[in-house]
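Letters go in sequence order (proteins before strands), and every chain restarts at 1.
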Amino acid sequence: MILNSLNPAQQEAVQAPLGHQLILAGAGSGKTRVLTHRIVWLVEKENISPFNILAVTFTNKAANEMRSRIESMLSMPTKAMWIGTFHGLSHRFLRSHWQEAGLPQSFQILDSDDQFRMIRRVIHALNLDEDRFPPKEAQWFINGQKEEGREPHQVEPRDIAGQMFIRIYQAYQEACQRAGVMDFADLLLKTCKLLQTNATLRAHYQARFRCLLVDEFQDTNNLQYEWLKLLAGENNAVMIVGDDDQSIYGWRGARIENIHCFSKDFPGAKIIRLEQNYRSTSVILEAANALISKNSGRLGKNLWTEGKTGDPITIYAGFNETDEAFFIVNRIRDLRQNSYSLRQIAILYRSNAQSRVIEEALMQFGIPYRVYGGLRYFERAEIKDALAYLRLLTNLSDDPAFERIVNTPPRGIGDRTLTTIREYAKASGLTLWQALEQLLEQKQFTTRTETALLSFVNLIKTMIERTLALELHKQVEYVLYASGLIDHYRKEKGEKGLTRMENLEELVNAAHQFTQEGVPDEMSPIAAFLAYAALESGDVQAEVYDDCVQLMTLHSAKGLEFPVVFLAGCEEELFPHYLSMGDPKALEEERRLCYVGVTRAMHKLYMSYAEVRRMHGKEAYHRPSRFLHEIPVELVEEIRFRTKVSRPQAMMSTYQPEPEGRFHVGQEVRHRVFGDGIVLDIEGDGDDMKVTVRFPKLGTKVLIASYLTEK
DNA sequence: CGGGAAAAGCTTTTT
DNA sequence: GCTTTTCCCG
């Protein structure tokens, strides 16, 4: 193992004695390298068997990457090592111990969309008003309770409405149990509960995992922390890696506090800081450091680099969002001339809605781009339809799957028929499938409905018989055609239907590929495939060979790096977002988000804002983001193009403001970075005053007045 | 059942 | 304002 490729702090972390370690790893400080080297070190130097190691990450992508890196460094198989996400590892645990956990062997996993539908059904079944008890809120409530480790009976009701939400939670939980399904949070919760109550299992796993490693620890929630403590027990060594300054998922339950609690809960924990950055220029790092220093309660870190100073950060004041987009596109064209390839350039923004204007500008100039995010493969409606058939075949009790496909494609089973089935099921505590069978026996329907229902029942039964012996991908293929899904989407007009057909056909390939890569022995291929689809909803990664500008939100940019970064929409109300501005905690998270954005850039960072922006249909005038002001002036170069779009002629000629205060046209002024120049124009007043200055060597620049002094 | 009109969102996202 | 979902009627 080559340790001399690591810096002293990294080496210290990799070679740390077997105990608790807290690695505070700044952006671009090589934390993944440290983590993988550490695991290799444990195996090679501490003689820990891969069998005794467990490593947790937040995404499947990170887990896969970690395993393959370790494999390439280690001369032995890593199969015995547990590497995965909290959810993936919990799933693996519950598959082995479904009996102890009181689960059906073929239990399936609900994604958040399935969960939402199921909760809505439950609310209807309880005869509650959807307006008074919105499914979204119930979902938020339920997931929140689960993250705190509370089952329905453990929740303290706050008020009458809270009491109702508990009842919804209770009913939802019962419905899940009946259907043999569990949601994401259940995977963690059931694992924790089982480890808490079953001393034998707890002892077994605590004895096994002598070394536990957690990546991105600042993103853990309470339940995940509990999960870790249960497996760690008294004797196992825990290494966590994280960066409190990059915690940007507080809004979905991540507790930055966990990283603060670690030293207390894991006695003797040693803190090691990785502060040397290998990514960015010192200008970018200084800006990031200055920005994040405005936050309180940090563990504290100061990134530094041995690298170049680099160019100043460019701040562009656009007239409106179109002007901003054109600025970006123009700069991209320049960069391209300067031998940057498009894939080295990223445009980051706070919210997805911002991408449209930028996309239009890129399209207009024929610049290829790729937008990250959006619906992923296994989340597409047509794919979920197909998977619901597979789910129902595996498990006729799967009510959410039943609901989804009973009338997809349309086969004459309407809402009234379904209501009858649902009510019967509810009254007799049966699953929808059982209720349907009993009602058919009792001849409860009109002839037409009965025919429709019978053909559905027969369809499913035939599918089960016919696919039993088939290989997984043949099963999928059979289901696609026999269900009529293919025909259904074929009829859908336009490009949409075509894409959906292609997606469905792709599912056969996906299934084939899945079986080739090997199915865990303890599961049936179909169950394994379904679990895979639910847990790993499929990347929409840009292919590396595509030379495209990368567009994404700041959140999805985390963990990535780009030679050139444009950070668009740096305006108050948008970034920081208006919904976060009232709450100091949320505001600090926005600042961390900005920190994440700034530290993505390797060589060149552009930040831009628009003076006028159409938001929710209205023209809104926002001030430049406070984050821009938190970056030291000497690191910044502010510019504004005087394009036609950016300022109507009329305003210039009729409105010539008399210089208020310190500056007037023709005056000689001084700037800390650019030196001496002459004032050409003045706009606005007070804090917003912008002064156009001509500098002898640098040309004309528009600057904020407070950055200038009289000569 | 399907299409068009009305209404409701509208920050960030992984599992 | 624009887009997505829901609702209502032929």
Applying a 4.0 Å non-hydrogen cut-off, can you work out what A/G412 is touching in the nucleic acid: base, sugar-phosphate, or nothing?
sugar-phosphate
Please classify the nucleic acid contact of A/F86 as base, sugar-phosphate, or nothing, using heavy-atom distances under 4.0 Å.
nothing
Nearest to side-chain heavy atoms of A/L579, which nucleotide of B/dT15, B/dT11, B/dC1
B/dT11
Atom CG of A/L375 and atom C1' of B/dT13 are separated, to the nearest Å, by 12 Å
Ignoring hydrogens and angles, state whether a donor on the side chain of A/E590 or A/H577 is under 3.5 Å from an acceptor on the partner side chain.
no
Less than 6.0 Å separating the ring centroids of A/Y349 and A/F566?
no
Is it true that, when you exclude A/K294 itself, more than 12 heavy atoms of the residues, nucleotides or ligands shown sit nearer than 6.0 Å to its NZ?
yes
Whole-Å gap separating P (B/dC10) and CZ (A/R356)
17 Å
Starting from C1' on C/dT6, measure out to NZ on A/K136 and report it in whole angstrom.
14 Å
Can you name the closest pair of heavy atoms from A/M501 and A/I486 and give their distance?
SD-O, 3.4 Å
With P as the reference atom in both, quote the distance from C/dT3 to B/dT12 in angstrom, rounded to an integer.
15 Å
Ring centre gap for A/F402 and A/F456 strictly below 6.0 Å:
yes
Rounded to whole angstrom, note down the P distance from C/dT4 over to B/dT13.
16 Å
Nearest whole angstrom, please: distance from the P of B/dT12 to the CZ of A/R350.
7 Å
Taking atom P of B/dT14 as reference, at what distance in whole Å does atom CG of A/N143 sit?
16 Å
Select from A/I413 and A/L593 the residue whose nearest nucleotide in DNA chain B is closer to the 5' end of that strand.
A/I413
Pick base, sugar-phosphate or nothing for A/N352, based on heavy-atom distances below 4.0 Å to the nucleic acid.
sugar-phosphate
Using both distances under 3.5 Å as the test, list the Watson-Crick or G-U wobble partner of B/dT15, or none.
none
Please work out if A/R592 contacts a base, only the sugar-phosphate, or nothing of the nucleic acid, heavy-atom cut-off 4.0 Å.
nothing
Rounded to the nearest angstrom, tell me the gap between atom CG in A/L348 and atom C1' in B/dT12.
13 Å
Using a heavy-atom distance cut-off of less than 4.0 Å, which residues of residues 551-561 of chain A contact DNA chain B?
A/T553, A/H555, A/S556
What is the separation between atom CD on A/E359 and atom C1' on C/dT3, rounded to the nearest whole Å?
14 Å
Considering every strand and a 4.0 Å limit on heavy-atom distances, what is the contact class for A/N221: base, sugar-phosphate, or nothing?
nothing
Any luck finding a side-chain donor-acceptor pair between A/N222 and A/E148 under 3.5 Å?
yes
Counting any heavy atom closer than 4.0 Å, what does A/L535 reach on the DNA or RNA strands: base, sugar-phosphate only, or nothing?
sugar-phosphate
Can you find a donor-acceptor pair, distance only, under 3.5 Å between A/S112 side chain and B/dT13 base?
no
Between B/dG9 (P) and A/E137 (CD): distance, integer Å:
11 Å
With both distances under 3.5 Å as the test, what is the Watson-Crick or G-U wobble partner of C/dT5?
B/dA6
Checking B/dT15, B/dT13, B/dT11 against the side chain of A/H577 (C-beta onward), the nearest is B/dT11
What is the nucleic acid contact for A/R252, judged by heavy atoms within less than 4.0 Å: base, sugar-phosphate only, or nothing?
base
Would you tell me whether A/N503 and A/Y489 have side-chain atoms, one donor and one acceptor, within less than 3.5 Å of each other?
no
Which one, B/dT15, B/dT12, B/dC1, comes nearest to the side chain of A/S351?
B/dT12
Of the candidates B/dT12, B/dT14, C/dG1, the side chain of A/W251 sits closest to B/dT12
Where is the tightest heavy-atom contact between A/A179 and A/P400, given as atom of each residue plus distance?
CB-CD, 4.0 Å
A/Y578 side chain near B/dT11 phosphate (N/O to OP1/OP2, under 4.0 Å):
yes
Would you say the ring centers of A/F93 and A/Y205 fall short of 6.0 Å from each other?
yes
For DNA chain B, which residues in residues 113-135 of chain A have a heavy atom at a distance below 4.0 Å?
none
Using atom types as modelled, flag every donor-acceptor pair under 3.5 Å from a side chain in residues 225-232 of chain A to any protein atom, sequence neighbours excluded.
from	atom 1	to	atom 2	distance (Å)
A/Y225	OH	A/D265	OD2	2.8
A/W227	NE1	A/S90	OG	2.9

What is the nucleic acid contact for A/N60, judged by heavy atoms within less than 4.0 Å: base, sugar-phosphate only, or nothing?
sugar-phosphate
List the steps and the verdict of salt bridge (charged side-chain N to carboxylate O under 4.0 Å, His left out) for A/E619 and A/R614.
CA-CA 4 Å; A/E619 292 213 314; A/R614 293 199 80 84; 3.7 Å; yes
